[in-house]
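A short worksheet on the structure shown next.
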Amino acid sequence: MTVSKPYSFAIACLICGGLAALPARAADLEIKVTDVRAQQGSLRIAVIDSAAGWSDGGKPVAGTVRKAQGAEETFHFPNLPPGRYAVMVMHDQNDNGKLDSNFMGMPIEGYGFSNNPAVMRKPTFEEARFELETAGSAITVRLR
């Protein structure tokens, strides 16, 4: 049996339309934060998906603020599209919404980044970047 061209086109459109209606695959990200120095204030986490968002402080694709409760804390971010991300963590011990520093500009509150790069500045997106796999990923951020 042969199918005429108008019907072939209609069938192809239905198949493509059906595939487009499938939900995008989503992945879960688990972030374990270690070396929390004090159980006061809040831990602030930002999950960022681009170098531009990383460098200009753009809106993160996911984030949370939670009271510090222990030396280690685990955060779960479900349903993120698989891809490249970088994470920033700040322990805002006095809950003033910013990372406090001393007179020389050195942070006096805890902070950390994905991949735990050993740099004396804010790392680049590439230094902190990791791949969120379709099956999900778990990372550890060590506070300094």
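If you're wondering where the values come from, they're calculated on a predicted model, not measured in any experiment. Just so it is clear, the values below take in all heavy atoms, side chains as well, and ignore hydrogens, waters and symmetry mates.
A heavy-atom distance below 4.5 Å is not found between the side chains of Glu127 and Lys122. Side-chain contact between Leu43 and Leu143 is present, with heavy atoms from C-beta onward closer than 4.5 Å. Side-chain contact between Ile45 and Val141 is absent, with no heavy atoms from C-beta onward closer than 4.5 Å. At a threshold of 4.5 Å between non-hydrogen side-chain atoms, the residues Asp92 and Val65 do not count as touching. Here the side chains of Thr64 and Phe77 are in contact, with some heavy-atom distance below 4.5 Å.
Sorted by first and then second residue, the pairs that involve residues 82-91 and meet salt bridge (Lys or Arg N to Asp or Glu O under 4.0 Å), not counting sequence neighbours, are Arg84-Glu131. The list of side chain to side chain donor-acceptor pair (under 3.5 Å) pairs with a residue in residues 95-106, not counting sequence neighbours, reads Ser42-Asp95, Lys67-Asp95, Asn94-Asp100, Asn96-Asp100. For residues 50-59, the set of pairs meeting the side chain to side chain donor-acceptor pair (under 3.5 Å) definition, not counting sequence neighbours, is empty.
At most 12 heavy atoms of other shown residues, nucleotides or ligands fall within 6.0 angstrom of atom CZ in Arg142. Atom NZ of Lys32 has 12 or fewer heavy atoms from other residues, nucleotides or ligands within 6.0 Å.
In terms of hydrophobic clustering, with Ile, Leu, Val, Met, Phe, Trp and Tyr side chains grouped at heavy-atom distances under 4.5 Å, Met90 and Val87 are assigned to different clusters. Linking Ile, Leu, Val, Met, Phe, Trp and Tyr residues whenever their side-chain heavy atoms come within less than 4.5 Å leaves Tyr111 and Phe75 in two separate clusters. When hydrophobic clusters are built by joining Ile, Leu, Val, Met, Phe, Trp and Tyr residues whose side-chain heavy atoms come closer than 4.5 Å, directly or via intermediates, Leu29 is grouped together with Tyr85. Grouping the Ile, Leu, Val, Met, Phe, Trp and Tyr side chains by contacts below 4.5 angstrom, directly or via other members, places Ile31 apart from Phe125.
For Gln39 (side chain) and Gly70 (main-chain N/O), a donor-acceptor pair under 3.5 Å exists by modelled atom type. With His91 contributing its side chain and Gln40 its backbone, the two residues share a donor-acceptor pair below 3.5 Å. No side-chain donor-acceptor contact under 3.5 Å links Thr34 to the backbone of Glu72. Distance alone, capped at 3.5 Å, is enough to place a donor-acceptor pair between the Glu109 side chain and the Gln93 backbone. Not a single donor-acceptor pair under 3.5 Å links the side chain of Asp28 to the backbone N or O of Ser137.
Under the side-chain hydrogen bond (donor to acceptor under 3.5 Å, both in side chains) criterion, Glu73 pairs with Arg66, sequence neighbours left out. Residues meeting the side-chain hydrogen bond (donor to acceptor under 3.5 Å, both in side chains) test with Glu126, sequence neighbours left out: Arg129. With sequence neighbours excluded, no residue forms a side-chain hydrogen bond (donor to acceptor under 3.5 Å, both in side chains) with Asn115.
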